[in-house]
Amino acid sequence: QVQVVESGGGLVQPGGSLRLSCAASGFMVSTYAMTWHRQAPGKQREFVARINSEGTTTYADSVKGRFTISRDNAENTVYLQMNSLKSEDTAVYYCNADRLRLIIGWGRGAQVTVSS
């Protein structure tokens, strides 16, 4: 079955760090552009970060310099390292593959709460 499972969310203080994981099954993350999106309470889902099959990364302006997307092909897992977290980063974070979005859909995601 083609799917992704997000993990690593939790509660963190402002200025802290958190690392999200996206474990893929049914396809190889090395050959797909992978993305992270997030949805905060009362807001629409928004783009956060992307890494293509060549390793080129793209970030939303709101997270540039603080977040880093990466992948481990051997583990078939994509990561999102989040540093200098702000309260505005509080959201449910979703992982997906660009060309498999209709198949994967939007799953449970990982809840990230930034609060003192």
Side-chain angles (χ1 to χ4, degrees):
Q1 185 175 2
V2 177
Q3 64 175 355
V4 294
V5 178
E6 301 94 341
S7 63
L11 175 64
V12 63
Q13 296 184 159
S17 298
L18 208 59
R19 190 193 196 197
L20 302 181
S21 296
C22 170
S25 60
F27 71 99
M28 305 299 292
V29 301
S30 62
T31 59
Y32 286 82
M34 302 295 296
T35 65
W36 286 97
H37 288 72
R38 67 186 182 187
Q39 187 167 23
K43 296 185 177 181
Q44 292 186 318
R45 185 183 299 108
E46 66 176 349
F47 167 80
V48 174
R50 180 179 187 269
I51 182 169
N52 69 12
S53 58
E54 289 73 47
T56 302
T57 58
T58 306
Y59 300 93
D61 289 340
S62 59
V63 306
K64 284 181 179 177
R66 301 188 298 119
F67 290 12
T68 302
I69 186 172
S70 63
R71 64 169 178 253
D72 185 327
N73 293 336
E75 295 294 327
N76 207 33
T77 300
V78 177
Y79 303 96
L80 184 67
Q81 178 66 47
M82 304 181 293
N83 299 326
S84 302
L85 283 163
K86 307 173 181 179
S87 60
E88 305 95 274
D89 297 317
T90 296
V92 177
Y93 285 71
Y94 301 93
C95 176
N96 221 313
D98 277 1
R99 290 150 50 207
L100 299 173
R101 193 162 296 172
L102 294 178
I103 298 175
I104 296 175
W106 300 104
R108 294 168 294 175
Q111 176 68 55
V112 173
T113 302
V114 185
S115 179
S116 59

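Residue numbers run from 1 in the order of the sequence given.
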So the side chain to side chain donor-acceptor pair (under 3.5 Å) pairs with at least one residue in residues 6-15 (sequence neighbours excluded) are none
Keeping to residues at least two apart or across chains, list the side chain to side chain donor-acceptor pair (under 3.5 Å) pairs with something in residues 85-95. Arg38-Asp89, Arg38-Tyr93, Arg66-Asp89
Which residues satisfy the side chain to side chain contact (heavy atoms under 4.5 Å, CB included) test with Asn52, sequence neighbours excluded? Ala33, Arg50, Glu54, Thr56
Please list, chain by chain and in numerical order, all residues satisfying side chain to side chain contact (heavy atoms under 4.5 Å, CB included) with Leu18, sequence neighbours excluded. Met82, Leu85, Val112
What pairs of residues pass the ring-ring contact (aromatic ring centres under 6.0 Å, His included) test when at least one of them lies in residues 15-34, not counting sequence neighbours? Phe27-Tyr32
For residues 52-77, which residue pairs pass the ring-ring contact (aromatic ring centres under 6.0 Å, His included) check, not counting sequence neighbours? none
Determine which pairs satisfy disulfide bond (SG atoms under 2.5 Å apart) with at least one residue from residues 13-69, sequence neighbours left out, and list them in order. Cys22-Cys95
Does anything in residues 54-93 pair up under disulfide bond (SG atoms under 2.5 Å apart), and if so which pairs, sequence neighbours excluded? none
Which residues pass the salt bridge (charged side-chain N to carboxylate O under 4.0 Å, His left out) test with [X], not counting sequence neighbours?
{"X": "Arg19", "result": "none"}
{"X": "Arg71", "result": "none"}
{"X": "Lys43", "result": "none"}

Can you check whether Val48 reaches Leu80 side chain to side chain, under 4.5 Å on heavy atoms? yes
Side-chain heavy-atom pair Leu100, Val2 within 4.5 angstrom cut-off: yes
Other members of the hydrophobic cluster containing Tyr79, with the 4.5 Å side-chain heavy-atom rule, please. none
